[in-house]
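The figures here come from the full heavy-atom set of this structure, side chains too, leaving out hydrogens, waters and symmetry mates. All values derive from a computational prediction rather than experimental measurement. Here, residue 1 is the first one in the sequence, and each next residue gets the next number.
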Amino acid sequence: MVHNLSILGSTGSIGTQTLEVCRKLGLGVTALSAYSSIGLLEEQIREFKPALAVVFDEEKAKVLKIKIADTDTKVLSGMEGLFEICHDDADLLVNSVVGMVGLAPTLEAIKAKKNIAFANKETLVAGGELVMNAVRENGVTLYPVDSEHSAIFQCLQAAPPEKSLKKIILTASGGPFFGKTAEELKDVTVEQALKHPNWDMGAKITVDSATMMNKGLEIIEAAWLFDTDPDDIEVVVHRESIIHSMIEFTDNSILAQLGQPDMRIPIQYAITYPQRYPSLVPEIDWTKLSRMTFYTPDDKTFKCLAACKKAIKMGGLYPAVANGANEAANLMFRQHRISFLDVGEIVSAAIENIRVESAKCLDDVLAADAMAREFAQNYVK
């Protein structure tokens, strides 16, 4: 188990739960970062006493520096600050920032030969080829924090060394609008989209779950992380969120990882791998679990899922296009500028109309992302 770690995105949902795990296990924290939430970040600094804190927003960083002047924590800002975290002396970097901003620090940490526990799925969606090539070149390990990818990671440890894997089965909760028709979704509100039935997540990811974009991103992420053909990745809707994902072997036997819908289990396992320790999460009471249900996802109504499947099959930078268009559309929906169904329309239109090739460097990924965001903005004008 690691002795200390650094966290990118410590004030978000994954970041705060990571600190709960650190508190439980008695781990040290060398660095923390936030985009702009300096109130909570100050509380974290005073409790965990990191050597470094980074606020991406430069003006907010100046305010934080004044607030914690009585501590020994150094305050930096911007991408340069995040890069410095990537080179600190932590045993493990936890990347829990949301969105494309997490890609460059991931590549920087890999270059610094640091192992990463990552919940920033956009890293592998947009820059999968670059990231996995860098991982191989630098001999580092990516430990998945997403509950679905952690489940697959755990199940694969029981797989024979020979090629026996038939498919990966990703489970999806279906979000708050499971079973709804397009007609019923025309007028749903942001507030309704943010009411996830099972998981406590940040606003962007919760809306992604409602549109099923989150599951589409996870297909792309799984294809890169587990070197799997997208056609061998299946999605099933499992409303109870007890089975977090499964793998099926060539003999049609299946292994599944089960647990409470609580992110502290995969977070802790990414930190303590390959060991397991008592966690903060209660065990399942099987006598109260009356049933587990499974359904086929509706990717005609929830167009983001179909768009992501198409993007990964098209290859190259098309997943980056899908991700960038979604990030822009998701935000516009949360700002009440577009409708819920517009999100899927925009993502689908982006991969149909934008022309990209393969990524040779980070700038190529960032350029594709920028084109997709511009397309999304212009699509609603």
Side-chain angles (χ1 to χ4, degrees), residues 1-99 101-120 123 140 143 145 200-205 263-264 266-268 270-272 277 279-280:
M1 184 174 68
V2 302
H3 298 290
N4 54 57
L5 50 82
S6 52
I7 306 173
L8 302 182
S10 65
T11 60
S13 174
I14 297 297
T16 55
Q17 291 178 88
T18 299
L19 288 174
E20 288 181 44
V21 172
C22 289
R23 194 180 294 118
K24 163 75 174 173
L25 297 177
L27 301 179
V29 178
T30 62
L32 299 169
S33 84
Y35 187 83
S36 61
S37 304
I38 58 173
L40 178 54
L41 184 57
E42 180 185 356
E43 293 176 18
Q44 294 173 346
I45 290 167
R46 294 191 180 281
E47 177 180 358
F48 291 95
K49 301 175 175 56
L52 175 63
V54 175
V55 184
F56 198 79
D57 184 298
E58 186 175 352
E59 293 305 312
K60 291 291 183 68
K62 292 176 182 177
V63 174
L64 179 67
K65 192 169 185 178
I66 295 171
K67 284 178 171 289
I68 64 164
D70 59 318
T71 73
D72 295 326
T73 299
K74 177 182 176 182
V75 178
L76 296 175
S77 65
M79 190 61 73
E80 289 184 5
L82 297 182
F83 279 11
E84 183 151 339
I85 290 180
C86 296
H87 289 271
D88 76 358
D89 59 0
D91 299 326
L92 181 75
L93 173 72
V94 178
N95 186 346
S96 62
V97 300
V98 176
V101 70
L103 176 56
T106 296
L107 291 170
E108 188 69 18
I110 292 170
K111 189 167 63 176
K113 301 189 183 303
K114 183 164 290 189
N115 292 332
I116 304 171
F118 72 100
N120 172 244
T123 287
V140 302
Y143 298 106
V145 167
D200 179 16
M201 305 177 291
K204 191 267 182 183
I205 298 174
M263 287 303 301
R264 291 174 296 180
I267 290 169
Q268 179 168 305
I271 293 171
T272 66
Y277 295 85
S279 79
L280 294 163

Asks: List the atom pairs, with distances to 0.1 Å, where a side-chain N or O of residues 73-80 and a protein N or O form a donor-acceptor pair under 3.5 Å, not counting sequence neighbours.
Replies:
{"unit_1": "T73", "atom_1": "OG1", "unit_2": "P50", "atom_2": "O", "d": "2.6"}
{"unit_1": "K74", "atom_1": "NZ", "unit_2": "E84", "atom_2": "OE2", "d": "3.1"}

Asks: From L8 CG over to I85 CD1, what is the distance, rounded to the nearest 0.5 angstrom?
Replies: 5.0 Å

Asks: Is it the case that atom CG in D70 sees more than 12 heavy atoms from other parts of the structure closer than 6.0 Å?
Replies: yes

Asks: Would you check if T18 and M263 make a side-chain contact, meaning some heavy-atom pair closer than 4.5 Å?
Replies: no

Asks: Answer yes or no: is there a side-chain heavy-atom contact under 4.5 Å between T71 and K49?
Replies: no

Asks: When rounded to the nearest 0.5 angstrom, what distance separates CG in L40 from CD in E43?
Replies: 5.5 Å

Asks: With sequence neighbours excluded, tell me which residues meet side chain to side chain contact (heavy atoms under 4.5 Å, CB included) with L280.
Replies: E20, K24, R264

Asks: Is there side-chain contact between K62 and V55, with at least one heavy-atom pair below 4.5 Å?
Replies: no

Asks: Sequence neighbours left out, what passes side chain to side chain contact (heavy atoms under 4.5 Å, CB included) with A90? Give chain and number order.
Replies: N4, S6, T30, D88, K114

Asks: Would you check if L32 and L41 make a side-chain contact, meaning some heavy-atom pair closer than 4.5 Å?
Replies: yes

Asks: Taking S33 for the side chain and G9 for the main chain, is one N or O donor matched with an acceptor at less than 3.5 Å?
Replies: yes

Asks: Are a donor atom and an acceptor atom from the side chains of S279 and Q268 found within less than 3.5 Å of each other?
Replies: no

Asks: When you compare the side chain of F48 with that of R23, does any pair of heavy atoms fall below 4.5 Å?
Replies: yes

